[in-house]
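Take a look at the structure below.
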Amino acid sequence: MFANMRPVSRRALLFSLMGVVAATFGSGTIAPAAEENFTIERNVDIPMRDGVLLRADILRPRGADRFPVLVYRTPYGKDEAQTEYTTFVKAVGRGYAVVVQDVRGRFHSQGEFQAYRNEGRDGYDTIEWAAKQSWSNGAVGTFGLSYPGAVQWLAAMEQPPHLKAMVPAMTFSTPRNFFYSGGVFDLSWQSWIWNNIAPDVRVKKNLPGPRTEAEAEAGWEREHTRIESHLPLGTLPDLKELAPWYYEWLEHQPTDPWWDWAELRGKYARVTAAVLNLSGWHDETYGPEGATTNFQGLVAARRGKKDPATHLLLGPWMHGVANTGRTKFGEREFGPSAAIDYDETVLRWLDYYVRGVANGVERDNAVRYFVMGENAWHERESWPPPTTPVNLNLGGAVGGAVGGAVERGKTGVLRAKPSWDANAKSSFISDPAHPLRDPFGDVLGAHDYRALEGRDGVLVFDSAPVTSDVEVTGKIRAEIFLSSDAPDLDLWVRLLDVAPDGTAFNLMSPGPDVQRASYRSGTKRELLKPGAVYTVKLENLITSNLFRSGHRVRVQVSGAFAPHFSVNLQTGKLEMDSAEARAATITIYHDRRHGSRVILPVVGPADGIADSLP
């Protein structure tokens with residue numbers, strides 16, 4: 001149904017597609033024949049500590065036994081979830097009672113919805129309620145992906161005593177890489193609210209505007225350009241009555257302690273449940289970082305324990321349950337082994353830690369990750385795997401000699417050492433009125449970005465062809481020396497795999513590869529002084545890719561990559577409060593004193609890339 005539509009924001013696209021993803025796994029509708037094997041109680045009241053009633057459907061095997069319980073909490077409608085996903089019925093078939101709940105303020109549940117804010121306390125209360133029911137044996141597990149993944153972490157931080165295990169898939173670790181990324185606000189929250197939250201709010205509050213999924217999609221198609229381009233962000237009128245909490249978000253910078261309610265990092269010792277962390281290299285910006293950070297945090301907090309009870313699973317996937325069963329994302333095919341059985345993966349983990357089934361989970365390696373390019377799974381006992389850091393120094397190519405500047409329309413080089421030239425630097429114009437745009441819009445996945453080579457507003461640097469296969473797995477770091485005539489800017493540093501035929505595939509979704517210069521310290525906002533040289537570091541890029549022999553490593557540097565995140569006005573004022581913008585000249589230094597570089601984590605022999613660098 002989206003074939004002739006402009007691709008909407010990635011969050012909107014994900015949840016608008018919820019009605020069709022079931023085709024990938026088979027219908028999740030509860031058939032009459034299946035209901036003969038279990039009972040369903042609809043809209044059961046579950047009281048929260050403040051008296052608000054949240055409503056859930058409860059699926060149970062027939063009989064008077066006590067069962068382990070799985071809890072699934074969603075803002076997208078419990079009724080719809082049961083027609084889309086097969087996990088619920090399969091879980092009942094394995095002997096679980098399943099609680100499928102609308103979160104506070106959504107659909108059948110009472111209260112006021114505030115995205116994420118109440119999920120910790122409400123999740124705790126729901127888990128403990130489930131543990132005390134006459135049909136429960138007291139052992140509770142949770143599962144879900146995206147928002148239904150986030151609610152699990154927020155509840156686990158409240159330490160519900162009966163929570164034994166959870167599978168929070170494709171979710172976050174920190175608000176700094178969820179609501180923001182690198183200090184830049186994620187603008188796709190607008191479309192998420194419009195398409196997924198607003199229709200039910202309008203029904204509940206009798207407000208004008210789209211009230212169904214179809215009406216919301218049509219409205220977004222008409223209005224998205226106006227909404228996405230509106231400045232200041234804080235004065236957008238469209239969401240005021242629908243999501244006042246969105247405007248509260250805009251009042252708080254990414255470094256504001258106010259966000260601590262959504263921070264997981266540093267709190268892992270609170271969590272005693274067994275946790276399977278799951279994400280994909282082409283997941284939303286927060287997914288791979290969230291899964292790896294949460295896994296490493298749990299391992300550290302549980303150091304010395306015989307069973308740390310946490311695993312990490314990283315595929316090549318895009319966001320969503322259905323995508324875990326696919327093998328092609330964007331234009332890149334990853335082979336038949338890329339797909340997994342999501343339901344089996346989730347339930348096998350819960351079977352071991354909630355039901356106590358001896359199914360071999362304890363013998364599995366703790367880490368399983370997919371290497372793109374090789375199109376194969378690797379297993380390890382820890383994350384990240386052992387690597388050798390390889391420096392790729394940015395350099396210009398002028399008149400055939402290495403050094404100097406990258407001229408307009410030309411491609412620079414990646415070198416083993418910084419340039420010998422004392423004045424090597426390259427400049428480009430970043431204009432908020434005419435930003436460098438992603439030619440694939442907001443459609444995630446692996447795409448061929450060769451067309452950006454030679455464009456205005458971007459610098460491109462290529463290595464020589466690697467002489468043998470090179471595996472890059474883990475966090476990629478970038479250290480860029482720059483100056484500008486503007487007091488602030490956004491710096492994008494993107495990593496691509498360039499095949500001999502020129503195909504240039506991205507290795508992650510946009511977001512980990514951006515850093516706002518004024519937030520470069522990570523602790524407070526500091527504007528730039530015109531002409532002064534600063535170091536800006538990007539430390540959240542993450543992937544796993546095999547650069548095949550003959551392929552090149554490409555680094556793409558720009559001041560924008562629209563439409564993924566909010567605009568940097570480049571005036572020193574924030575886009576939340578101001579609309580005035582200006583163009584800026586950004587200069588990237590790659591001389592012998594300012595060696596701008598990207599540092600690759602190479603697994604195994606690094607000769608293939610080291611030998612290819614001049």
Side-chain angles (χ1 to χ4, degrees), residues 281-282 316 328-335 370-375 390-397 400 402 406-416 426 428 436-440 444-474 476-478 480 492-510 512-513 538 541-558 561 588 590 596-603 606-614:
W281 300 126
H282 290 287
K328 185 177 182 181
F329 304 104
E331 294 94 63
R332 196 174 185 185
E333 170 61 50
F334 295 103
F370 191 88
V371 181
M372 301 184 293
E374 183 184 10
N375 294 347
V390 174
N391 290 330
L392 301 181
N393 291 277
L394 279 56
V402 176
V406 177
E407 297 177 320
R408 182 178 179 183
K410 302 294 184 181
T411 299
V413 299
L414 298 172
R415 315 176 66 232
S426 302
F428 61 91
L436 180 73
R437 302 195 68 83
D438 185 339
F440 298 95
L444 301 186
H447 301 298
D448 182 0
Y449 283 99
R450 76 178 88 189
L452 292 183
E453 187 176 6
R455 289 271 189 95
D456 290 341
V458 61
L459 300 175
V460 175
F461 302 85
D462 281 356
S463 73
V466 300
T467 58
S468 59
D469 293 352
V470 177
E471 180 190 333
V472 172
T473 295
I476 297 103
R477 292 182 292 137
I480 306 298
W492 288 81
V493 182
R494 309 198 72 225
L495 187 72
L496 303 100
D497 181 342
V498 183
D501 67 359
T503 302
F505 281 133
N506 57 300
L507 304 177
M508 65 199 75
S509 296
D513 40 12
L538 291 83
L541 288 82
I542 186 169
T543 195
S544 181
N545 186 73
L546 188 74
F547 290 86
R548 290 288 191 183
S549 179
H551 285 224
R552 298 173 185 262
V553 181
R554 173 167 292 176
V555 173
Q556 172 190 304
V557 179
S558 62
F561 199 54
I588 306 297
H590 40 85
S596 293
R597 60 179 178 160
V598 171
I599 306 164
L600 301 183
V602 175
V603 178
D607 296 346
I609 189 167
D611 292 346
S612 71
L613 297 175

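When a residue number appears, it is its place in the shown sequence, counting from 1. Quick note: numbers below take in every heavy atom, side chains included, and nothing from hydrogens, waters or symmetry partners.
The main-chain N or O of L394 is never found under 3.5 Å from a side-chain atom of S596 such that the two would form a donor-acceptor pair. In this structure a side-chain-to-backbone donor-acceptor pair under 3.5 Å is missing from R554 to R450. In this structure a side-chain-to-backbone donor-acceptor pair under 3.5 Å is missing from D469 to R548. The closest donor-acceptor contact from the side chain of N506 to the backbone of H447 lies under 3.5 Å. Put simply, the side chain of E471 never gets that close to the backbone of V371: no donor and acceptor are under 3.5 Å apart. Counting only distance, with no hydrogens or angles, the side chain of S509 and the backbone of H282 share a donor-acceptor pair below 3.5 Å.
At least one side-chain heavy atom of M372 sits under 4.5 Å from a side-chain heavy atom of F334. Using a 4.5 Å heavy-atom cutoff, the side chains of D607 and T467 are not in contact. Residues L444 and P510 have side chains in contact (heavy-atom distance under 4.5 Å, counting atoms from C-beta outward). By the 4.5 Å heavy-atom criterion applied to side chains, F547 and V498 are not counted as neighbours.
In this pair, F440 and Y449 present their aromatic rings perpendicular. The plane angle is above 60°, beyond the 30 to 60° band.
Scanning both residues, N393 and A416, for their nearest heavy atoms gives ND2-O, 3.0 Å. Between S426 and H590, the shortest heavy-atom distance links the atoms OG-NE2, 2.8 Å. Closest of all the heavy-atom pairs between I476 and P601 is CG1-CD, 3.7 Å.
Partners of R494 under the salt bridge (charged side-chain N to carboxylate O under 4.0 Å, His left out) rule, at least two apart in sequence or in another chain, are D513. Applying the salt bridge (charged side-chain N to carboxylate O under 4.0 Å, His left out) criterion to D438, with sequence neighbours excluded, gives no partner residue.
Under the side-chain contact (heavy atoms from CB on, under 4.5 Å) test applied with L414, the options I609, V555, N391, L600 reduce to a single match, V555.
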